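Reviewing the structure listed below.
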Amino acid sequence: MSNQMSSSDQAQKKPLSWRRFASPLYFQHVAKRGSIIALIIAAVLGVIGCVYGFLYAPVDGVQGNSYRIMFLHVPSSWMAMIIYMAMAFWSLVYLVWRTHTSILMVRAMVPTGAMMCLLSLVSGAIWGKPTWGTFWVWDARLTSMLLLLFLYLGLIALLQSIRSEQRANLVAALWSIVGAVNVPIIYFSVIWWNTLHQGASISMSRGISIHPAMFYALLFMTFAAWAYAIAVILKRARWLLLNKYAHSEWAQQLVLTEED
């Protein structure tokens, strides 16, 4: 009976595995290892994707070689939308449980999401010139993506201008959740409205409508973009965490150990 009681007490004292990420010490350890692994994966997949995209993928019958910017444009566009939705998710976690690590993830995602969104718009403009004859049109997809960039930049400006950390965290969470409404608009804009922007080449209903080598290159570059974003976000989140707890003994000891 005593053995059963002791084991049950230990089970109650043991925290849930997913809640361990709320611990700053545990989170920084996972973020450090995860960023290194993700960066290596991104480099490997990026090289493979470039080889497929530039050596094996054939010349397009209509667009020629200009379509190859798709291997940069499409992954960056997907990541810009996915990162914002991830910001909304972590914002909800913060509002419900008030965990510091969750709002740090939101703060860490904003610059990477903004970079991916800007890269999407710039690469799309370069692709649009030989395809549409112009760098920019007020197309539904392009306009909604531009709005996403403004949401990223606006949040960066707010975080820089609000001095109260608690108020800044609340603003970041609410801004991320409300702004997430724009992401479905971006995705479905080519379906809801008549636009110049081409539809999806990969669809659950229609399948894959591009050459297999193009698909493999796009797949590798997409996973490379995923891994890169994860690496950079985790590294930035860890830096923000150590900066926040710079006064604590464990953070100071950790920094000294890494410097040695």
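Below, each value reflects all heavy atoms present in this structure, side chains not excepted, and no hydrogens, waters or symmetry copies. Since this is a predicted model, take the numbers as computed values, not measurements.
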key: Flag side-chain contact, heavy atom, 4.5 Å: Trp138 against Leu146   = yes
ask   = Take atom CZ in Arg167; do more than 12 heavy atoms of anything else shown fall under 6.0 Å from it?
value = no
note = When every non-hydrogen atom of Ile69 is compared with those of Ser123, the smallest separation belongs to CD1-O, 3.5 Å
request  = Count the heavy atoms belonging to other residues, nucleotides or ligands that lie under 6.0 Å from CH2 of Trp193, then report whether that count exceeds 12.
outcome  = yes
ask   = Taking all non-hydrogen atoms of both residues, which atom of Met79 and which atom of Ala225 are closest, and how far apart?
value = CG-CB, 3.8 Å
ask   = Is there a donor-acceptor contact under 3.5 Å from the side chain of Ser120 to the main chain of Met116?
value = no
ask   = How are the rings of Phe188 and Trp192 set to each other: parallel, tilted or perpendicular (split at 30° and 60°)?
value = parallel
ask   = With distance as the sole test, does Asn169 use its side chain to make a donor-acceptor pair with the main-chain N or O of Glu165 at under 3.5 Å?
value = yes
message = When you group the ILVMFWY residues by side-chain heavy-atom contacts below 4.5 Å and let the links chain together, are Tyr228 and Met109 in the same group?
response = yes
query = Has the side chain of Arg236 got a donor or acceptor atom that lies under 3.5 Å from a matching backbone atom of Ala108?
reply = yes
ask   = Looking at Met87 and Val106, what are the two nearest heavy atoms and their distance?
value = O-CG2, 3.6 Å
query = If every non-hydrogen atom of Arg141 is compared with every non-hydrogen atom of Ile186, which pair is closest and at what distance?
reply = NE-O, 2.6 Å
message = Do Trp132 and Thr134 pair up side chain to side chain, a donor and an acceptor below 3.5 Å, judged on atom types alone?
response = no
message = Give me the atom names and distance for the closest heavy-atom approach of Tyr84 to Ser176.
response = CE2-O, 3.2 Å
key: Path from Tyr67 to Leu219 over hydrophobic side-chain contacts below 4.5 Å   = yes
remark   = Applying ring-ring contact (aromatic ring centres under 6.0 Å, His included) to Tyr94 and not counting sequence neighbours gives none
query = Any idea how Tyr245 and Trp250 line up, ring-wise: parallel (<30°), tilted (30 to 60°), or perpendicular (>60°)?
reply = tilted
note = Taking every heavy atom of Ala88 against every heavy atom of Ile177, the minimum-distance pair comes out as O-CG1, 3.9 Å
ask   = Can you tell me if NZ on Lys235 sees more than 12 non-hydrogen neighbours from other groups inside 6.0 Å?
value = no
Compile the donor-acceptor pairs under 3.5 Å between side chains in residues 29-50 and protein atoms, sequence neighbours left out, one pair per line.
unit_1: Lys32; atom_1: NZ; unit_2: Glu258; atom_2: OE2; d: 3.4
unit_1: Ser35; atom_1: OG; unit_2: Ala31; atom_2: O; d: 3.0
unit_1: Ser35; atom_1: OG; unit_2: Lys32; atom_2: O; d: 2.9

request  = For residues Gln63 and Trp127, determine if any side-chain heavy atom of one lies less than 4.5 Å from a side-chain heavy atom of the other.
outcome  = yes
message = Test of understanding: with salt bridge (Lys or Arg N to Asp or Glu O under 4.0 Å), list the residues that count as partners of Lys129, not counting sequence neighbours.
response = none
ask   = Should Val74 and Ile126 be regarded as members of a common hydrophobic cluster, given that ILVMFWY residues are connected when their side-chain heavy atoms come within less than 4.5 Å of each other, either directly or indirectly?
value = yes
query = Are any of the side-chain heavy atoms of Met145 and Leu142 separated by less than 4.5 Å?
reply = no
message = Using side-chain contact (heavy atoms from CB on, under 4.5 Å), reason through Trp90 and Ile103 one step at a time and then give a plain yes or no.
response = CA-CA 7 Å; Trp90 284 113; Ile103 199 63; over 6 Å; no
task = Please say whether more than 12 non-hydrogen atoms of neighbouring residues, nucleotides or ligands are located less than 6.0 Å from OH in Tyr216.
result = no
query = Taking the side chain as C-beta and beyond, is there a heavy-atom pair between Tyr52 and Leu218 under 4.5 Å?
reply = no
task = Give a yes or no on whether the backbone of Ala237 and the side-chain of Arg107 come within a donor-acceptor separation of less than 3.5 Å.
result = no
query = Between Arg68 and Val59, does a side-chain contact (heavy atoms from CB on, under 4.5 Å) hold up when you go through it step by step?
reply = CA-CA 9 Å; Arg68 297 184 194 276; Val59 177; 3.8 Å; yes
